[in-house]
Amino acid sequence: MSLARNIIQGDIRAIARAMTWIENEHEAKEQLIDEIFPDCGRATVWGITGPPGAGKSTLTDQLITRERRQGRKVGIIAVDPSSPFSGGAILGDRLRMQQHATDDGVFIRSMASRGHLGGVAGSTGDAVKVLDAAGFDTIIVETIGVGQTEIEVMGMADIVLLVLVPGLGDEIQALKAGVMEIGDLFVINKADRDDAGKIKAEVEYVLGLKYAENMAAKNPVLMVSALTGQGIDDLHHSLYSYLNLIRSSGTLEQRRRDRLAGELRTIAAAKIEALVHYHLDFEDRLDSWVEMLYSRKESPYGLMNGRIESLIKELTDK
Amino acid sequence: MAKKIRILIGKPGLDGHDRGAKYIARALKDAGYEVVYTGIRQSPEAIARTAVQEDVDFVGLSLLSGAHNELFPEVIRQLKQEKADDIIVFGGGVIPDDDIPGLTAAGIEAVFTPGTPIKDVIAFIEANRERVESK
């Protein structure tokens, strides 16, 4: 039996092995994704993002419990950073979720970012497809601890939870572009801290400016303690209300179309780059090109434009 | 295909002494491996199921309570039950020399006692690289 068929039947070893194939760019990866693709598109994908130590994994653990109580199967992809020096990684997110390790309705996979910079791994999108085809109802993508620009989870999730904690700065930080703009739900964790109310007020203020014309569309801001469970039921409820809202407004469908467009762009860019590199004989000629630039005999754009023009000519003449 | 070796480091049983486990997790990260760290107080079943979901090549068990003769072989048994007995299991902690032959017979492929240099652990993993890359 093929790996794809085993995945669709929910076989745990097959799901796990497929993710390894995807991460390692196995030669059969593309065929595998194409085989499971017709069975994808049924799961709801949540993104959970926020700075390091905000409590994303602990919150994920709590949300898994709520989903299981309602009978849904949950797949989790938890991303942690790879070392820029050794390439190794400590994947420690699932430590907070180990109470679910022996539950057949929960599958947790840790992924190292392997040099990818968007807050997820380059292969996270395809790993989501495996869980989707395997029949998980809810898929949670937990990003690495993010700063201000790691927003790629937005492109793979139906809904994004941005987890914030007290003590990271004033309202000017909340005004800035980037990560602060991608949350559908704003979750203020560690609500027992003295200054938690202040950060809630700051986020509410910034959202108030953004939605001044249409306050009904303002994103929910929720105070929780992932450690004690305080506020998690309300958060879970708000999450489903928000999902219903974006489903009925057509936003969800648009996001899913945008996701497919984004995936095609990524695939096209990677394939074209590989093709051009191959036909230009890029790696072998690079040293001599560098010499031409170093001695100022050539300029960078002129050199590359010339090479690409002659390549196109060569290919069309064939 | 660029294979990245993945290693689970976990502590079965009830002792909370995790310095050794954390030390080895960090050292293996620095050696370029991807280390899934499950933390303390894991049941053998939880360790085996985690190993399967994470598709790791090795499972490293750390234990200082003295229950290694029961818990290490139980992890092997659980892995067999999950049809994952291709995963290589090694152990560490305060383990008397007399217990090592019994653990080896049960399928624990290496036992590292206190004071073992980290390079010995890395040498063990590298000696098995071909085996895990061929599966």
Side-chain angles (χ1 to χ4, degrees), chain A residues 3 6 11-29 57 75-115 121 123 127 130-131 134 136, chain B residues 1-12 18 21-57 59-60 75 78-87 118 121-122 125 132-133 135:
Chain A
L3 188 60
N6 288 342
D11 179 76
I12 298 299
R13 274 228 102 175
I15 297 166
R17 184 52 50 91
M19 291 191 175
T20 303
W21 279 23
I22 289 165
E23 284 196 291
N24 291 341
E25 289 290 339
H26 190 283
E27 56 191 14
K29 178 196 93 170
S57 304
I76 298 96
I77 297 167
V79 190
D80 263 325
S82 295
S83 163
F85 301 107
S86 72
I90 301 243
L91 308 172
D93 288 330
R94 72 173 297 142
L95 181 123
R96 322 279 174 197
M97 313 170 198
Q98 276 304 82
Q99 61 161 319
H100 304 289
T102 55
D103 179 348
D104 286 328
V106 177
F107 184 102
I108 306 170
R109 180 62 174 246
S110 315
M111 265 188 157
S113 63
R114 299 197 181 176
S123 47
V130 173
L131 292 172
F136 288 92
Chain B
M1 133 182 184
K3 167 85 182 172
K4 197 66 145 160
I5 289 183
R6 288 167 68 86
I7 305 168
L8 182 154
I9 297 291
K11 279 185 62 61
D18 58 358
K22 285 178 181 161
Y23 169 78
I24 193 125
R26 203 197 124 99
L28 293 174
K29 182 263 286 176
D30 288 341
Y33 308 115
E34 288 182 357
V35 182
V36 178
Y37 184 59
T38 67
I40 61 174
R41 303 204 177 99
Q42 299 293 304
S43 69
E45 189 193 3
I47 288 175
R49 291 223 184 179
T50 300
V52 168
Q53 292 181 6
E54 297 286 354
D55 198 21
V56 294
D57 306 297
V59 168
V75 171
Q78 293 280 351
L79 283 171
K80 277 209 179 91
Q81 201 171 309
E82 301 283 334
K83 297 186 182 67
D85 45 354
D86 54 324
I87 296 173
I118 193 69
V121 182
I122 294 167
I125 287 159
V132 302
E133 281 179 350
K135 73 178 183 192

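Chain naming here is simple, since letters A, B, ... match the order of the sequence lines and numbering starts at 1 in each. What you are looking at is a predicted structure, and each value in this text was computed from that prediction instead of being measured.
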Quiz prompt | Option that, when pairs with chain A are counted at under 4.5 Å, heavy atom only, ranks first among B:I9, B:V52, B:I40 | solution = B:V52
Self-check item: chain A contacts, top residue of B:I7, B:I47, B:L8, B:D86 (heavy-atom pairs, under 4.5 Å)
Solution: B:D86
Residues in side chain to side chain contact (heavy atoms under 4.5 Å, CB included) with [X], at least two apart?
{"X": "B:L79", "answer": "B:A48, B:A51, B:V75, B:A84, B:I87, B:V89"}
{"X": "A:S123", "answer": "A:I22, A:E23, A:M111, A:A121"}
{"X": "B:A31", "answer": "B:Y33, B:I122"}

Quick one: are [X] and [Y] in side-chain contact, heavy atoms under 4.5 Å?
{"X": "B:T38", "Y": "B:K11", "value": "no"}
{"X": "A:I15", "Y": "A:L131", "value": "yes"}
{"X": "B:E133", "Y": "B:D57", "value": "no"}

Quiz prompt | Proximal component of B:R41, with respect to chain A [non-hydrogen, under 4.5 Å] | solution = neither
Quiz item: chain A heavy atoms under 4.5 Å from B:Q42: which part of the residue, side chain, backbone, both or neither?
Solution: side chain
Quiz prompt | A:W21 versus A:A28, closest heavy-atom pair with distance | solution = CZ3-CB, 3.6 Å
Quiz item: chain A contacts: which residues in residues 23-30 of chain B have a non-hydrogen atom closer than 4.5 Å to it?
Solution: B:A25, B:R26, B:K29, B:D30
Self-check item: A:R17 CZ: over 12 foreign heavy atoms closer than 6.0 Å
Solution: yes
Practice problem: Name the region of A:F107, side chain, backbone, both or neither, that has any atom closer than 4.5 Å to a heavy atom of chain B. | Solution: both
Quiz item: Relative to chain B, which of A:S82, A:S83, A:S110 shows the most heavy atom pairs under 4.5 Å?
Solution: A:S110
Exercise. For the residue pair B:R49 and B:Q53, confirm or rule out a side-chain donor-acceptor distance under 3.5 Å.
Key: no
